[in-house]
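One structure is given below, encoded as C-alpha cells.
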Amino acid sequence: MKELDYSGMGMRIRQVRKARGWSQEELAKRCGISMSFLGHIERGTRIMSLETFVNICGALDTTADEILWGVAHPSGLVLDLWKPEHRLEEGQQEKNQTKENYSMYVKIMKSVAEIMNEA
C-alpha cells in the first residue's frame, strides 16, 4: 500500500502554485489558511486536514491525484465543483448537490486514509 509523502505533496503544491504565478500569500488567502501554515504544508512539516487539501486542489484547479501522487491525468473525480466562485454562480439546488458531492468526496478520502493507515 502506498504511504502518503507529505514532502512530495508539498513540493507539488508549490510547483502548481508557482506555475500559476501565485505567491504563498495568494494561495493561502484563496484557501482560507495562514501563509505560515501553507509554508509548512509546502515543506511537508505539517499535515493538512482533508478540507484544506480539497480547498488547495480547488484553488489550484488541479486533481487530487496530481497533488497526492504526481499523476497529471484526471482521476474522474474533479474538484472544480467545490470552487467558491463556481458555487456562487449556481442556483440553490445545484449548491445542495455540490455540498452532497463534497460530503461524499470527504467520506471517500477518509476511508482511503483509514485503509492506508491499516497497512
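These figures come from a predicted structure and were not determined experimentally.
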Non-hydrogen atoms of [X] and [Y] that approach each other most closely:
X	Y	value
Leu38	Ala28	CD2-N, 3.7 Å
Arg12	Asp5	NH2-O, 4.4 Å
Ser7	Arg43	OG-O, 3.8 Å
Arg20	Asp61	NH2-O, 3.5 Å
Ala59	Trp22	O-CH2, 3.1 Å

Would you compute the distance between atom [atom1] of [X] and atom [atom2] of [Y] and round it to the nearest 0.5 angstrom?
X	Y	atom1	atom2	value
Ile13	Leu60	CD1	CG	7.0 Å
Gln24	Ile33	CD	CD1	9.5 Å
Cys57	Asp65	SG	CG	9.5 Å

Tell me, please, which residues at least two apart from Tyr6 pass side-chain contact (heavy atoms from CB on, under 4.5 Å).
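Scan of Tyr6 (side-chain contact (heavy atoms from CB on, under 4.5 Å), adjacent residues dropped) gives Leu4, Met9, Ile47.
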
For Ser23, side-chain contact (heavy atoms from CB on, under 4.5 Å) partners two or more places apart: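 Ser23: side-chain contact (heavy atoms from CB on, under 4.5 Å) contacts with Glu25, Glu26.
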
Under the salt bridge (charged side-chain N to carboxylate O under 4.0 Å, His left out) rule, collect the residues that match up with Arg17, sequence neighbours excluded.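 Glu42.
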
(Q) Taking the side chain as everything from C-beta on, heavy atoms only, tell me whether Ile56 gets closer than 4.5 Å to Ile67. (A)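 No; the side chains remain at least 4.5 Å from each other.
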
Practice task
Would you kindly confirm whether Trp69 and Val54 end up in one hydrophobic cluster when ILVMFWY residues are joined by side chain heavy atoms under 4.5 Å apart?
Solution key: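 Yes, Trp69 connects to Val54 through the hydrophobic network.
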
